[in-house]
Each structure stands twice: as structure tokens, then as C-alpha cells.
**Student:** 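I'd like to ask you about the structure that follows.
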Amino acid sequence: MTPVLQVEGLVKQYGGRPVLRGIDLAVAEHEVVALIGASGSGKSTLLRCIDLLEEIDDGRILLDGVDVSDPRAATRRRRNRPGGAVAAQKSMAIVFQAFNLFPHMTALENVALAPRVVHGLAAGAADERALELLSRVGLADLADAHPDRLSGGQQQRVAIARALAVQPRLLLLDEITSALDPELVGEVLAIVRDVARSGATILMATHEMGFAKQVADRVCFLDGGVLLEEGPPEQVLGEPREERTRQFLARIIAAGRLG
Amino acid sequence: MIKDVPLSPLAAERAAFRRSRARRSTAVAFVSTLVFAVALWWAVTSAPGWPRVQATFFDPARAWESLPAVLEGLWLNIRVLVVAELGVLVVGLVVAVLRTLRGPVFFPVRALATAYVDLFRGIPVLIALYLIGYGVPALRLQGVPNDVVVLGTCALILTYSAYVAEVFRAGIESVHPSQRAAARSLGLSHGQALRLVILPQAVRNVLPPLLNDFVALQKDVGLISVLGAVDAIRAAQIEQARSFNFTPYVVAALLFVLLSVPTGRIADAVAARGNRRRSGR
Ligand SMILES: Nc1ncnc2c1ncn2[C@@H]1O[C@H](COP(=O)(O)OP(=O)(O)O)[C@@H](O)[C@H]1O
Ligand SMILES: [Mg+2]
């Protein structure tokens with residue numbers, strides 16, 4: 001079966017400096033893949049490239065077997081057709097480290113926006129779907145609150161609901177708990193666990209090794225823009241083959257994050 | 001908010017102290033203002049030329065006589081102001097958005113918008129008024145109005161839109177790029193992202209400078225008098241020419257000030273609210 005996501009030889013440079021140096025990666029349907037690596041190793045860049053928020057310098061990104069990184073997919077004529085860039089964006093959703101909620105909209109409006117204006121739901125139906133998703137993340141009673149009235153954990157839960165509202169084929173999570181106070185991490189991870197269990201296809205950058213071990217089907221270690229090692233969580237996190245992976249995990253353990 | 005916790009004697013005593021300090025501050029402010037006002041009044045009225053100045057600029061009888069005519073003129077200013085403000089909002093916003101368009105198709109539009117802003121930010125308002133107020137009728141084009149009020153309003157809209165477009169553009173650029181990324185990642189088109197995500201935040205961010213430009217516009221509507229429109233300033237001039245007394249100008253000035261004070265206060269309130277929002281809950 002064709003994987004939901006295939007990344008082939010992806011190269012991304014910033015001002016001539018390569019940040020991703022030829023990444024090959026596939027994510028199958030219903031698979032949960034964790035992306036680990038030191039700060040600055042290129043995890044966010046990889047996720048942003050996959051979500052077509054950055055132009056790539058070499059390689060291809062295939063969604064359900066269709067090359068969506070082809071510049072021809074982004075032309076005015078083709079971007080809304082199947083395989084076009086906008087169509088591809090509609091089938092992915094990303095949750096950012098810094099939440100990036102729309103501050104002038106309530107939680108409900110944040111979640112209902114894309115279903116309404118992108119997917120053409122009537123306002124009533126979009127609100128209904130949004131409210132359902134907010135209940136799912138335990139925030140139905142805060143539906144009318146603006147983001148500046150919510151805690152970091154609550155904001156991130158709204159951001160997850162907003163991403164799920166477009167019913168994405170592929171859910172991208174970029175260190176979604178890194179900006180949170182430690183006591184708020186649990187509430188967000190619990191929701192991701194629930195979403196993963198419901199059969200979503202997820203690619204997530206994370207520093208929560210314990211969580212990766214529990215939820216991920218596969219762990220990929222990114223080092224200096226190269227996918228150095230990948231495999232089942234027990235292997236990569238328990239008996240890493242690469243020296244660099246061992247060093248990275250030792251640093252994480254020293255920082256007390258391998259729960 | 002916990003309401004029904006009884007205050008301890010300590011807190012009650014401190015609150016009483018704060019209240020007494022506040023009363024004292026008010027009293028001090030009152031006395032110092034009074035002293036300052038009296039000193040200023042004395043300094044002005046003891047000047048050797050004061051009786052002349054008082055008779056020429058501050059004659060109560062002349063003020064009362066000229067008030068109806070000046071007020072009628074002001075009514076024209078207010079109507080021009082409302083139309084000009086709406087026009088400036090629309091034109092300014094459109095020009096700002098045009099300047100942010102990307103892509104080669106929009107090159108001419110972008111260049112035109114930039115040229116317009118450069119031109120009208122540089123032209124003195126007075127010259128813009130003359131060029132449009134006298135130049136356009138001279139073209140004798142069919143269907144183009146040659147009413148000086150209409151043309152004067154157009155000149156004001158064109159001048160102020162150039163400023164306001166830059167204010168809006170600064171607002172658009174003040175919205176963090178991650179907001180656009182979030183919108184695009186949800187599949188919103190560029191237009192949708194601009195309209196639903198970027199612009200609402202941009203406008204909110206620039207409300208204080210925007211209102212400031214409106215205060216400036218409020219007094220510049222008086223400049224349409226140079227085209228011969230009988231507004232408050234022109235009415236004052238007519239009254240002055242009749243009696244050789246400048247009091248009508250002072251009346252007009254006071255009315256313009258009264259007109260601009262509310263907008264200034266609104267601008268202050270909006271800025272204060274923005275600061276409160278930014279400094280946390
Ligand atoms: N927009 C950008 N411009 C220039 N350099 C960037 C940009 N975004 C990321 N980088 C660089 O790319 C590298 C990888 O960054 P990132 O993908 O954010 O790493 P990670 O998410 O793993 O911490 C870093 O060295 C960072 O400085
Ligand atoms: Mg990152």
C-alpha cells in the first residue's frame with residue numbers, strides 16, 4: 001500500500017547553509033512516527049517543508065503517492081486540484097510549538113474557521129464540529145474564551161482541536177509541549193495519545209522520550225540534518241546503534257526527560 | 001475574585017492611609033493648578049499690548065455675533081470630515097493591501113500603489129487642494145463634478161489615504177509570520193488569510209496611530225476654505241472682513257479644538273486598552 005507520506009532526498013538550505021541534507025522518510029497510514037534530535041537538528045524545518053510552508057531545494061514530497069513539492073503543484077491553475085499544493089495543505093495539519101492560535105478569535109472560532117472557509121461547511125455545522133472537538137480536548141466550557149484568557153496547555157489543546165477540525169490525512173506535531181510548564185504537559189500528551197489510538201497518521205517532533213516510547217510505532221533520530229537512525233522505539237531509545245544517538249539520549253536522561 | 005474575605009486590621013489601616021494620601025495628592029494638584037493659572041493669566045494680561053489684543057481677538061460681543069455663521073460653516077466641515085474619513089479608510093486599506101501583493105502579475109499594481117504613496121505623502125495639502133480643486137474643473141471633463149466641496153474632499157482623501165495606507169501596511173507587517181503560516185497550513189488561501197487572520201489583527205494594532213491621523217484630518221478639513229467653500233474658516237474670514245475684528249477666527253479655532261478633543265480621548269483610551277492587553281490578562 002502507498003504510504004500516506006513519502007519524503008525522498010529532501011534538501012533544505014537557509015542562505016546556502018544546508019539544514020536538511022537528504023532526508024528519506026515514509027509514514028504509513030495509521031502509523032505514529034516520532035522525530036527526535038537535538039535542538040537545531042532540523043526537526044521543525046522538516047515538518048514545515050512537509051507542510052509546504054517552506055520551499056525545498058532538492059528531493060520530493062509525496063502525499064498518497066502524489067508529488068506535492070513540484071512547483072507546478074503550486075501554480076494558480078493547479079494548486080486547488082487533487083495533488084495541487086493547496087489541496088495537499090488541506091489534507092495535512094500542523095500543530096506548532098508556540099500554538100499560533102488566532103488571538104482575535106475565540107477558541108470556537110479558531111477551530112471552526114477552516115471547516116467553514118476552506119471546507120465549505122455552513123456556519124452552524126462548522127460550529128457544531130468545533131464544539132465536538134473542543135469537548136474531545138476537554139474545553140467545551142471555554143469555547144467562547146479568547147486565547148489570551150487560556151493557559152498554555154489549554155491553548156495547545158485548542159490548537160490540536162483546530163488541526164483535527166480539517167480531518168487531516170496526516171497530522172504534524174512540532175514539539176507541542178516544549179513551550180508548556182511541566183504540569184501542563186500531561187494534559188496535552190493525553191489528547192495526542194487519544195488521537196493516535198483513534199487511528200490517525202502522525203509525524204511528531206518531540207523531546208518527551210517516555211511518550212515517544214509509549215505512543216510511537218517508530219522513532220527517527222535526526223542529527224545535523226541527516227536521519228541517522230530509525231527503528232522501533234525500544235530499539236532506538238533502548239539500544240541505539242549509533243554513537244551520536246547514545247550521546248543524545250544520555251544528555252536527555254541527564255536533563256531528566258526520559259520518563 | 002475572592003470577595004468575602006474580611007480585611008484584617010492591618011489591611012484596613014493601610015487602606016485608610018492610602019486614601020488619606022490620595023486626598024492629599026488631589027488637594028496639592030488643585031492648589032498648584034490654581035497658582036499656575038493665576039500666574040499665567042497675570043503674565044498675559046499685564047503685557048503692554050494686552051488691551052489691544054483683547055479687543056481684536058477676544059471680543060465677547062463679536063464672538064456671539066459671528067457664532068451662527070461660523071457654526072453653519074462648521075457643519076459643512078463635519079460633513080466633509082465624515083465622508084473624507086470613510087474614504088480614507090477604504091482607499092488607505094486598499095492601497096496597503098495592493099502594496100503587499102506578491103507575484104509578477106501584480107507588479108504594475110504594486111508599483112502604482114507605491115508611486116501614489118510617494119507622490120501624495122510628499123505634496124503639501126494646500127498644493128494638492130489647488131491642483132485638484134482648480135486643475136480638475138479646468139480639464140472640462142464630462143461627468144466630473146466641479147463643486148469645490150467635492151473636489152476638496154477628494155484632495156483630502158487622496159492626501160490622507162497615502163499616510164493611512166502606510167499605517168495599515170505597518171500594521172500588516174506587525175502581524176507575526178507564524179499567523180500566516182498557521183492560516184496557510186489550515187488551507188486558507190492568501191486572500192482568506194489576509195482578510196480573516198492578518199487584517200483584523202493589523203487594524204487593531206494600528207488603531208492609535210490611525211486615530212491620530214484622523215485628528216490631523218479633522219483640522220485639515222478647514223483647508224477646503226482656500227477653494228472658496230464656505231466652511232467655518234471661510235465664514236470666520238467673511239465676518240472678520242466685515243468688522244476688522246479677528247474674534248471670529250478664535251471662535252472657529254475653539255470649535256475645531258472642541259471637535260478634535262473627543263477623537264483624541266478615544267485614541268488615548270484605545271492605546272491604553274492596547275497596553276493593558278499586551279501586559280497580560
Ligand atoms: N527561517 C530560517 N532562516 C535561517 N535559518 C533557519 C531558519 N529556520 C531554521 N533555521 C536554522 O535551521 C536549523 C534547524 O532549525 P530547526 O528546524 O528549527 O531545528 P529543531 O526544530 O530541530 O530545533 C537551525 O540551525 C536554525 O538556526
Ligand atoms: Mg523546533
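Numbers restart at 1 for each chain; the letters A, B, ... are given by sequence-line order, proteins then strands. Fair warning: this is a prediction, and the values are worked out from it, not measured in the lab. Computed over heavy atoms, backbone and side chain alike; hydrogens, waters and symmetry mates excluded.
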**Student:** Is it true that atom CZ of B:F107 has more than 12 heavy atoms of other residues, nucleotides or ligands lying nearer than 6.0 Å?
**Tutor:** no

**Student:** So for A:V117, is it side chain, backbone, both, or neither that comes closer than 4.5 Å to the heavy atoms of chain B?
**Tutor:** both

**Student:** So, does A:H104 use its side chain to make a donor-acceptor pair with the main chain of B:R204 at under 3.5 Å?
**Tutor:**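 Such a contact is absent between A:H104 side chain and B:R204 backbone.
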
**Student:** Within a strict 4.5 Å, meaning less than it, do heavy atoms of the B:I198 and A:F102 side chains meet?
**Tutor:** no

**Student:** Can you tell me if CZ on B:R14 sees more than 12 non-hydrogen neighbours from other groups inside 6.0 Å?
**Tutor:** no

**Student:** Please report the interatomic distance CG(A:N100) to OG(B:S185), rounded to the nearest 0.5 Å.
**Tutor:** 9.0 Å

**Student:** Measure the CE-CG distance between A:M92 and B:L186 for me, rounded to the nearest 0.5 Å.
**Tutor:** 12.0 Å

**Student:** Please confirm whether the backbone N or O of A:A114 pairs with a side-chain atom of B:Q192, one donor and one acceptor, at under 3.5 Å?
**Tutor:**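 No, B:Q192 side chain to A:A114 backbone: no donor-acceptor pair under 3.5 Å.
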
**Student:** Tell me whether A:E183 at atom CD has more than 12 heavy atoms from other residues, nucleotides or ligands lying less than 6.0 Å away.
**Tutor:**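 More than 12 heavy atoms, drawn from other residues, nucleotides or ligands, come within 6.0 Å of this atom.
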
**Student:** With a 4.5 Å cut-off on heavy-atom pairs, point out which of B:S189, B:P200, B:A183, B:A182 contacts chain A the most.
**Tutor:** B:A182

**Student:** How about A:Q13: does its CD atom have over 12 heavy atoms from other parts shown lying under 6.0 Å from it?
**Tutor:**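 Yes, CD of A:Q13 has more than 12 neighbouring heavy atoms, counting only those of other groups under 6.0 Å.
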
**Student:** Is atom NE2 of A:H119 surrounded by more than 12 heavy atoms (other residues, nucleotides or ligands) closer than 6.0 Å?
**Tutor:** yes

**Student:** Does B:R180, at its CZ atom, have more than 12 non-hydrogen atoms belonging to other residues, nucleotides or ligands within less than 6.0 Å?
**Tutor:** no

**Student:** Sub-3.5 Å donor-acceptor pair from the side chain of B:R184 to the main-chain atoms of A:L52, do we have one?
**Tutor:** yes

